[in-house]
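Down below is the structure, laid out as structure tokens.
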Amino acid sequence: MAGLQPVRGTRDILPDERWRHRFIEETALGVAARYGYSEIATPIFEFSDVFKRTLGDTSDIVTKEMYTFTDKGGDEVTLRPEGTAGVARMLISGGLAQDLPLKYFYRGPMFRYERPQKGRFRQFHQTGVELLGVAEPLGDIEVIALGAEILEGLGILSKSTLELNTLGNAESRSAYREELIKYFNDFRAELSEDSQDRLERNPLRILDSKNKRDREIVANAPEFADSLDTESTEFFAAVTEGLDALSISYQLNSRLVRGLDYYCHTAFEFTTEGLGAQGTVLAGGRYDGLVEQMGGTATAGVGWAAGIERLAMLAQNVPGVERSIAIIPVVPELQNKAISLAHDLRSRGFTIELGYRGNMSRRLKRANKLNAKASIILGPDELERGAATVRNLDTGNQEEVSLETLADHLKQHN
RNA sequence: GCGGGUGUAGCUCAGUUGGUUAGAGCACUAGAUUGUGGAUCUAGGGGUCGUGGGUUCAAAUCCCAUCACUCGCCCCA
């Protein structure tokens, strides 16, 4: 392990894993496309202000997890720790607000300076969707349904729980905040150090503390529902009714909160047991205040992000890679015959492997290791008859096939 | 950033109270098989025992530090 090693928290993604990732991305993209979402890509780094302004000065992501540096031109830039901020920035800088509503899908690497752990890396990959310009509960419902359908496609939905909560509108939230501060102040000394800190910065976050004593105190804390005004209550009711109509089951969790100010109304997380401490697999919510906070005109937004590495650890039904057909020249003189046959078959859509060296035995051995489904044995004898031997590597059966009908034969038999 | 566990071959691991040239299985390479793979047999390559320092006549083994991985806290996807 000495010498060269990847930077802590980063990893090489080898073919098997990349294949899984790709399946996940393609599944997500496919479902999103059917909902009318289009793929976009924003830069992997932005001016640091983009994240500082959107994520807030109080969040851990901004205060201690960002990869920030000054570039050669003296600009302070940051490797993106999440996807939504960049999309909001794009909406503003690209003048896209005229075309609302907009439906975007994205995927790509994110960076956070955290302590690596199971399902947690410093460079990791997310896929996500953002629905911009839809203030109606229908947007929340659509986005959740979209997420659920992707998880279903990956065979994960049945192993996960949709947790759902509302953070209400701004008025309700600040009213609740007051209630919480009032309540927790009486227990200030008993709260964990972290939660005492949270009481100043972000009292909502105390609600999802894992500290035992905190939890006891939280158990009797005021309920958000009691602070919600009529608008907020009705909005949430519409969301849950929509989910009911779609038979998407969920669990109300009044302790599910979001740290950031611009979040409002619906907050949701699909969680699972299979990932240790990192149980959240797809999470999001409504962020109507975000674009305005960044300096654009007020724009409703709702979306989610999912961790690809986490999905990859859980995905059940990843298909196998396509199996190839190996072309094996029996004698060196037939090398060129082999490469032109390979070229021809590849152009017809077949996946062809050419052993690069060795006698027939070696090449068959290699074909077997590559999990090829068949081999085409090109020998002088058959070639005189304008044919080649096709050997099925699963059954060991082989037959002579004329070169003219070779492609058809392969199509039929594989 | 804080706590616990673990680092011996590409992988999974063994290595007895410190004691000669550090082992196995799998994998890899070659041969048995100059037109037939998966099985078997034979041979071979591959290790500064994570790294650095210390104790000792002698360290994979004991001590310290450090790095990495891992499980929690935290944070979240």
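Side-chain atoms are counted along with the backbone in the values below, which use heavy atoms only and exclude waters and symmetry mates. Proteins come first, then strands; the chains are lettered A, B, ... in the order of their sequence lines, and each starts at number 1.
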For RNA chain B, whose closest nucleotide is more 5', that of A:Met360 or that of A:Ala305? A:Met360
Regarding A:Phe270, tell me which of base, sugar-phosphate or nothing describes its non-hydrogen contacts under 4.0 Å with the strands shown. nothing
With both distances kept under 3.5 Å, what pairs with B:G18, Watson-Crick or G-U wobble? none
Once you apply the 3.5 Å cut-off to both distances, tell me the Watson-Crick or G-U wobble partner of B:G35, or none. none
Rounding to the closest angstrom, what is the interatomic distance between B:U56 and B:U70 at atom P? 38 Å
Quantified in whole Å, what is the P atom distance between nucleotide B:U51 and nucleotide B:C11? 14 Å
Heavy atoms only, 4.0 Å cut-off, all strands: where does A:Val281 land among base, sugar-phosphate and nothing? sugar-phosphate
Considering every strand and a 4.0 Å limit on heavy-atom distances, what is the contact class for A:Ala367: base, sugar-phosphate, or nothing? nothing
Ring centroid separation A:Phe47 to A:Phe51 under 6.0 Å: no
Any A:Arg362 side-chain N or O less than 4.0 Å from OP1/OP2 of B:U36: no
Whole angstroms only, please: what is the NZ-C1' distance between A:Lys365 and B:G38? 10 Å
Can you see if the side chain of A:Lys369 gets near the phosphate of B:U29 - specifically, an N or O under 4.0 Å from OP1 or OP2? yes
Identified pairing partner of B:C2, criterion: Watson-Crick or G-U wobble below 3.5 Å: B:G72
Taking pairing as Watson-Crick or G-U wobble with both contacts under 3.5 Å, can you name the mate of B:A77, or confirm there isn't one? none
Integer angstrom distance from the C1' of B:G44 to that of B:U48: 22 Å
If I take atom CG in residue A:Asp394 and atom P in nucleotide B:G38, what distance separates them, rounded to the nearest angstrom? 14 Å
Both distances under 3.5 Å, Watson-Crick or G-U wobble: report the partner of B:G7, or none. B:C67
Touch class at under 4.0 angstrom, heavy-atom based, for A:Gly396 against every strand present: base
Quick one: label A:Gln398 by what it contacts on the DNA or RNA (base, sugar-phosphate, nothing), any heavy atom closer than 4.0 Å. base
Can you check the distance between B:G31 and B:G15, where both ends of the measurement are the P atom (answer in whole Å)? 37 Å
Could you tell me whether A:Gly128 contacts a base, only the sugar-phosphate backbone, or nothing, with contacts defined as non-hydrogen atoms closer than 4.0 Å? nothing
Given B:C71, B:A77, B:G37, which nucleotide is nearest the side-chain atoms of A:Asn368? B:G37
Are any of A:Ser361's side-chain N or O atoms less than 4.0 Å away from OP1 or OP2 of B:G37? yes
Check: A:Arg198 and A:Leu191 side chains under 4.5 Å, non-hydrogen atoms: no
In this structure, how many angstroms lie between the C1' atom of B:A77 and the CD1 atom of A:Ile156, rounded? 12 Å
By the Watson-Crick or G-U definition, both distances under 3.5 Å, B:G45 is matched with none
Rounded to the Å, how far apart are A:Glu382 CD and B:U36 P? 12 Å
Closest of B:U70, B:G37, B:G1 to the A:Leu393 side chain is B:G37
Could you work out the separation of B:G45 and B:G5 based on their P atoms and round it to a whole Å? 40 Å
Measure from the side-chain heavy atoms of A:Arg198 and tell me the nearest of B:C74, B:A77, B:G38. B:C74
A:Phe270 and A:Phe268 aromatic ring geometry - parallel, tilted or perpendicular at 30°/60° bounds: perpendicular
Counting Watson-Crick and G-U wobble pairs only, both distances under 3.5 Å, name the nucleotide matched with B:A27, or none. none
Look at all strands and tell whether A:Gly9 reaches a base, only sugar-phosphate, or nothing, counting heavy atoms closer than 4.0 Å. sugar-phosphate
Inspect the surroundings of CD in A:Gln335 and state if more than 12 heavy atoms from other residues, nucleotides or ligands are less than 6.0 Å away. yes
Whole-Å P distance, B:G52 and B:U12: 23 Å
Taking atom types as they are modelled, is there a donor-acceptor pair under 3.5 Å from the base of B:C74 to the side chain of A:Arg120? yes
Let me know the distance between CG of A:Leu282 and P of B:A77, rounded to the nearest Å. 10 Å
B:U55 pairs with which nucleotide, Watson-Crick or G-U wobble, both distances below 3.5 Å? none
Between CD of A:Glu76 and NZ of A:Lys52, what distance do you get to the nearest 0.5 Å? 4.0 Å
For A:Phe121 and B:C69, what is the distance between atoms CZ and P respectively, to the nearest whole Å? 10 Å
How about A:Lys159: does its NZ atom have over 12 heavy atoms from other parts shown lying under 6.0 Å from it? yes
Check every atom of B:C75, B:C76, B:C69 against the side chain of A:Glu65 and return the nucleotide holding the closest atom. B:C75
When rounded to whole Å, the CD to P distance for the pair A:Glu309 and B:A77 reads 14 Å
Name the closest nucleotide to the A:Gln117 side chain, picking from B:G37, B:C71, B:C75. B:C71
Say you pick atom P in B:C28 and the same atom in B:A39; how far apart are they, in whole Å? 9 Å
Would you call the rings of A:Tyr176 and A:Phe224 parallel, tilted or perpendicular, where under 30° means parallel and over 60° means perpendicular? parallel
Choose from B:A77, B:C69, B:G38 the nucleotide whose nearest atom is closest to any side-chain atom of A:Glu114. B:A77
Can you identify which nucleotide, out of B:C76, B:G35, B:A68, has its nearest atom closest to the A:Ile377 side chain? B:G35
Is a donor from one side chain sitting under 3.5 angstrom from an acceptor on the other, for A:Ser324 and A:Thr351? no
For the side chain of A:Arg115, counting heavy atoms from C-beta on, which of B:C71, B:A77, B:U33 is nearest? B:C71
Taking atom C1' in both B:G47 and B:G54, what distance in whole Å separates the two? 24 Å
Can you tell me how far C1' of B:C28 sits from CZ of A:Arg366, to the nearest Å? 13 Å
Cation-aromatic face contact A:Arg122/A:Tyr113, 6.0 Å, 45 degrees: yes
